Amino acid sequence: MTRRLLVTSALPYANGAIHLGHLLEHIQTDIWVRFQRLRGHEVIYVCADDTHGAATMLKAEEAGVSPETLIESLRVAHAADFQGFLISHDNYYSTHSPENKALSESIYLALRERGLIFTRGVEQLFDPARGMFLADRFVKGNCPRCQSPDQYGDNCDACGATYDAMELGAPRSLLSGATPERRTSDHYFFDLPQYTDFLRGWHERGAVQPEVANKLTEWLDAGLKPWDISRDAPYFGFVIPGTEDKYFYVWLDAPIGYMASFANLLGQRGRSDEFGAWWDRDSTAEVHHFIGKDIVNFHALFWPAMLDGAGYRTPTRIHTHGFVTVDGTKMSKSRGTFINASTYLRHLKPEYLRYYFAAKLNGTVDDIDLNLEDFVARVNSDLVGKIVNIASRCAGFITRLCDGVLAPALHQPELWQRYRDAADSIAGCYERGDTARALREITALADLANQYIAEHAPWTLAKDPAQRDAVRAIATQGVELFRMLMLYLSPVLPGMARATEDFLAIPPLTWSDLDRPLLAHRINAFTPLIGRLEAEAVERMIADEREAHVDVSAPAAASAAPASSDVSAIEPFKPEIGIDDFARIDLRVARIVAASPVEGADKLLRLTLSLGDSERQVFAGIRSAYDPTALVGRLTVVVANLAPRKMRFGTSEGMVLAAGPGGRDIFLLSPDSGAEPGMVVR
RNA sequence: GGCUACGUAGCUCAGCUGGUUAGAGCGCGGCAUUCAUAAUGCUGAGGUCGUUGGUUCAAGUCCAACCGUAGCUACCA
């Protein structure tokens with residue numbers, strides 16, 4: 001029976017490049033998709049960029065472009081990165097699209113019609129300087145429980161407390177530095193609690209993995225809360241119908257983006273009338289979402305509830321994966337392990353990573369570790385040494401001794417049958433997402449082939465012209481076993497599968513090609529299908545990625561650091577001074593009233609500082625770490641009696657204090673709230 | 001703090017509903033081989049299954065506590 005499958009990967013957010021984390025998910029999805037296609041099912045694989053939200057708006061502002069320009073350039077870049085990794089999206093769209101707007105509005109209206117939407121006043125922090133409400137992410141202050149300074153608006157890094165942003169002590173806006181005020185505005189809510197029983201049933205019916213179901217049960221038992229689906233202007237997104245200044249929260253329209261990308265694809269293919277066959281309540285098609293474990297709540301609570309509320313079918317399955325770590329730790333920009341797709345592709349072939357991730361993915365939510373040493377060893381020994389080697393060591397006999405034509409019969413049909421018998425088990429592994437097990441079974445088959453070849457030693461027989469047929473039979477068996485292996489591996493290694501088809505001079509492989517061995521057939525001369533993965537290339541990639549995040553102009557202090565140290569070197573202390581020496585330095589609290597980049601200077605910002613009753617201009621080499629607009633309004637500390645210094649761009653009348661090695665790691669000092677410009681620091 | 005996972009040979013991982021002396025691949029030692037992108041075959045060494053306690057005739061496998069790691073804790077995306 002042919003299944004109709006709509007498959008998605010989570011939508012990458014339009015604020016940065018594609019990195020290893022996105023790649024894990026898309027590679028996982030793509031393997032599943034290609035497996036299903038190989039089996040002859042109808043698969044549509046769509047994705048898109050997730051574009052809305054205050055973050056996009058601010059980012060565009062910072063870059064000095066419109067949000068539309070920003071998101072389109074990122075969408076193009078993202079799509080190219082995915083193509084580079086052989087990800088076979090049928091459509092890579094955007095949530096900022098007419099289809100998504102129409103669907104979001106109609107779903108919202110349907111929910112409202114069913115009494116699932118209500119409004120309620122919500123009090124939130126408001127940035128008076130920027131004229132906007134502040135998401136938790138854009139506020140910092142003191143933790144209400146442990147008083148740790150500099151904590152975000154939702155929880156405390158130091159003590160783990162969770163709280164409301166309004167409970168923060170001495171809050172300040174990260175956008176303007178201003179002190180936020182409390183304001184109330186009406187918000188629109190989706191009445192999620194009405195869906196508690198529905199969701200419980202949906203989870204129990206196997207739509208999620210058991211570990212995920214546990215987590216969801218915990219949330220359900222704790223009691224669901226209505227979901228706030230609106231944001232006040234200014235916001236980049238879709239206006240809520242019937243309002244002037246309320247927008248859909250980005251997480252409302254993001255999953256609808258799956259439907260919208262799908263609708264757009266149908267439009268391109270002139271099949272728009274089929275939409276309902278996939279999304280109506282009685283649809284017999286399947287919908288599969290691949291996501292990371294961090295966004296389970298959106299996909300397994302809000303999303304199915306919204307769909308059902310609006311009269312659509314719910315997803316068939318949510319496939320949740322863990323996070324990527326590199327050498328056992330979180331990806332880190334300074335260590336060079338925050339690896340971007342484009343950096344990877346400059347140094348390494350995509351199929352190395354596809355193979356390695358496939359060897360690790362097992363369908364659970366466990367994190368996946370990219371151990372770089374293991375990566376090199378595994379790819380070389382399995383892919384090159386074990387699998388490709390089978391073709392490499394057999395093909396020569398066929399080409400040189402047999403005119404390129406395979407024998408008419410198998411030398412050892414029982415061995416071939418063992419390969420054939422593995423099909424169901426391997427298919428089951430792919431279907432469950434346990435590609436690690438699939439690859440274990442496949443490489444075990446490869447071991448059998450190498451043993452077989454060693455046992456029959458065709459190179460010995462080849463010395464005797466009378467044994468020509470025996471040599472051909474053995475080499476044919478080897479080539480055929482290799483064909484079977486590549487068929488099994490083709491979802492993981494699509495590029496190598498294509499190259500294998502060229503080598504064997506056969507049409508694209510399908511699952512039914514397992515039924516009949518390739519015999520009495522002319523093949524092409526073998527050329528290496530994939531080279532070895534050089535450890536040096538991996539090192540170059542890491543170095544490249546590390547450099548991309550380090551400011552070249554940063555002080556060379558790091559070079560003095562012991563190689564074993566992860567943190568920046570602690571600079572040696574300077575010679576002792578007396579208090580009189582210190583007293584000569586006039587440190588003052590200053591408010592940054594204006595900040596702008598300096599034309600012609602890479603590192604400098606021009607700051608206008610207020611010291612109470614006077615203002616002065618100071619140049620600061622902090623451009624690599626601070627966005628000028630984010631500095632305006634905030635307090636800092638300035639050396640007020642530093643001799644003025646003439647620079648190419650003007651005179652600098654002081655120096656602001658900052659710590660850190662340089663590059664992105666520059667940290668401007670700021671006094672606790674209450675300090676006023678002009679106050680002496682002592 | 002609460003919750004959810006995970007913690008098995010140097011490395012990466014298997015070990016299904018508890019049942020003989022705990023497995024694989026890589027790496028390492030030895031032997032063989034030379035067709036092959038120094039790839040392959042045979043063979044050897046290597047583990048108190050995070051710790052402690054418990055249930056059981058029997059526990060890596062169940063329970064509890066603790067330690068460690070990662071994540072979640074909804075109006076960040």
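Just so it is clear: chains get the letters A, B, ... in the order the sequence lines come, proteins before strands, and each one is counted from 1. Note that the structure is predicted; figures quoted are calculated from it, not measured.
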_side-chain contact (heavy atoms from CB on, under 4.5 Å) partner of A/Leu20, chosen from A/Thr337, A/Val326, A/Asn340_ =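 The residue from A/Thr337, A/Val326, A/Asn340 that satisfies side-chain contact (heavy atoms from CB on, under 4.5 Å) with A/Leu20 turns out to be A/Val326.
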_Matching residue for A/Ile474 among A/His411, A/Glu455, A/Gln412 - test: side-chain contact (heavy atoms from CB on, under 4.5 Å)_ = A/His411
Contact class for [X] (heavy atom, under 4.0 Å): base, sugar-phosphate, or nothing?
X: A/Pro458; result: nothing
X: A/Asp50; result: sugar-phosphate
X: A/Asn389; result: base
X: A/Ala135; result: sugar-phosphate
X: A/Phe323; result: sugar-phosphate
X: A/Gly478; result: nothing
X: A/Gln451; result: sugar-phosphate
X: A/Val212; result: nothing
X: A/Ile229; result: nothing
X: A/Ile530; result: base
X: A/Phe357; result: nothing

State whether [X] and [Y] are salt-bridged, where the test is any N-O pair (Lys NZ or Arg NE/NH1/NH2 against Asp/Glu carboxylate O) under 4.0 Å.
X: A/Glu61; Y: A/Arg130; answer: yes
X: A/Glu480; Y: A/Arg483; answer: yes
X: A/Asp447; Y: A/Lys386; answer: yes

Under-4.0 Å side-chain N/O to phosphate OP1/OP2 contact, [X] with [N]:
X: A/Lys360; N: B/C13; value: yes
X: A/Tyr235; N: B/A77; value: yes
X: A/Asn371; N: B/U12; value: yes
X: A/Asn297; N: B/C72; value: no
X: A/Tyr249; N: B/A77; value: yes
X: A/Arg437; N: B/G15; value: yes

Geometric class of the [Y]/[X] ring pair [parallel <30°, tilted 30-60°, perpendicular >60°]:
X: A/Tyr195; Y: A/Phe198; answer: perpendicular
X: A/Phe118; Y: A/Phe189; answer: parallel
X: A/His96; Y: A/Phe236; answer: tilted
X: A/Phe290; Y: A/His319; answer: parallel

*asked:* Using a 4.0 Å cut-off on heavy atoms, which residues in residues 375-385 of chain A reach RNA chain B? List them by number, or say none.
replied: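 Output list: A/Ala377, A/Arg378, A/Ser381, A/Asp382, A/Val384, A/Gly385.
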Using atom [atom1] in both nucleotides, what's the gap between [N] and [M] to the nearest angstrom?
N: B/G50; M: B/C11; atom1: P; answer: 14 Å
N: B/G60; M: B/U48; atom1: P; answer: 13 Å
N: B/A32; M: B/A14; atom1: C1'; answer: 30 Å
N: B/A45; M: B/C6; atom1: C1'; answer: 30 Å
N: B/A9; M: B/G29; atom1: C1'; answer: 16 Å
N: B/A59; M: B/G19; atom1: P; answer: 11 Å
N: B/U55; M: B/G47; atom1: P; answer: 30 Å
N: B/U56; M: B/U51; atom1: P; answer: 23 Å

Rounding to an integer number of Å, can you tell me how far [X] [atom1] sits from [N] [atom2]?
X: A/Glu455; N: B/A32; atom1: CD; atom2: C1'; value: 15 Å
X: A/Leu529; N: B/A39; atom1: CG; atom2: P; value: 17 Å
X: A/Asp369; N: B/G7; atom1: CG; atom2: C1'; value: 13 Å
X: A/Arg231; N: B/C75; atom1: CZ; atom2: C1'; value: 5 Å
X: A/Glu211; N: B/G71; atom1: CD; atom2: P; value: 17 Å
X: A/His78; N: B/A77; atom1: NE2; atom2: C1'; value: 13 Å

Considering only [options], which nucleotide approaches the side chain of [X] most closely?
X: A/Phe397; options: B/U73, B/U37, B/C35; result: B/C35
X: A/Asp374; options: B/C26, B/C11, B/A14; result: B/C11
X: A/Arg532; options: B/U37, B/C72, B/C75; result: B/U37
X: A/Trp227; options: B/A74, B/U37, B/U12; result: B/A74
X: A/Asp136; options: B/U37, B/C35, B/C75; result: B/C75
X: A/Val365; options: B/U12, B/A5, B/A77; result: B/A5
X: A/Trp459; options: B/U37, B/C26, B/U33; result: B/U33
X: A/Ala454; options: B/G41, B/U12, B/C75; result: B/G41
X: A/Phe526; options: B/C72, B/U37, B/A14; result: B/U37

*Do A/Phe526 and A/Phe503 have their ring centres less than 6.0 Å from each other?*
yes
*asked:* Quick check on the 6.0 Å ring-centre criterion: do A/Tyr235 and A/His52 meet it?
replied: no
*asked:* Please give the stem ranges for RNA chain B, sorted by first residue number, where a stem is three or more consecutive Watson-Crick or G-U pairs and both donor-acceptor distances are under 3.5 Å.
replied: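 Stem segments, range with range: B:1-7 with B:67-73, B:10-13 with B:23-26, B:28-32 with B:40-44, B:50-54 with B:62-66.
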*Check the side chains of A/Asp49 and A/Tyr13 for a donor-acceptor pair under 3.5 angstrom, ignoring hydrogens and angles.*
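Side chains of A/Tyr13 and A/Asp49: no pair found under 3.5 Å.
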*Begin with the C-alpha distance, continue with both residues' side-chain angles, and end with the deciding distance and a verdict on side chain to side chain contact (heavy atoms under 4.5 Å, CB included) for A/Glu25 and A/Phe357.*
CA-CA 10 Å; A/Glu25 177 168 293; A/Phe357 277 159; over 6 Å; no
*Would you say the base of B/A77 and the side-chain of A/Trp251 have a donor-acceptor pair closer than 3.5 Å?*
yes
_Toward the 5' end of RNA chain B, by each residue's nearest nucleotide, A/Asn214 or A/Thr527_ =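 That would be A/Asn214.
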_Return whichever of A/Thr460 or A/Asp366 has its heavy-atom-nearest nucleotide of RNA chain B closer to the 5' end._
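Counting from the 5' end, the first nearest nucleotide belongs to A/Asp366.
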*Is the shortest heavy-atom distance from the side chain of A/Leu533 to the side chain of A/Tyr355 under 4.5 Å?*
no
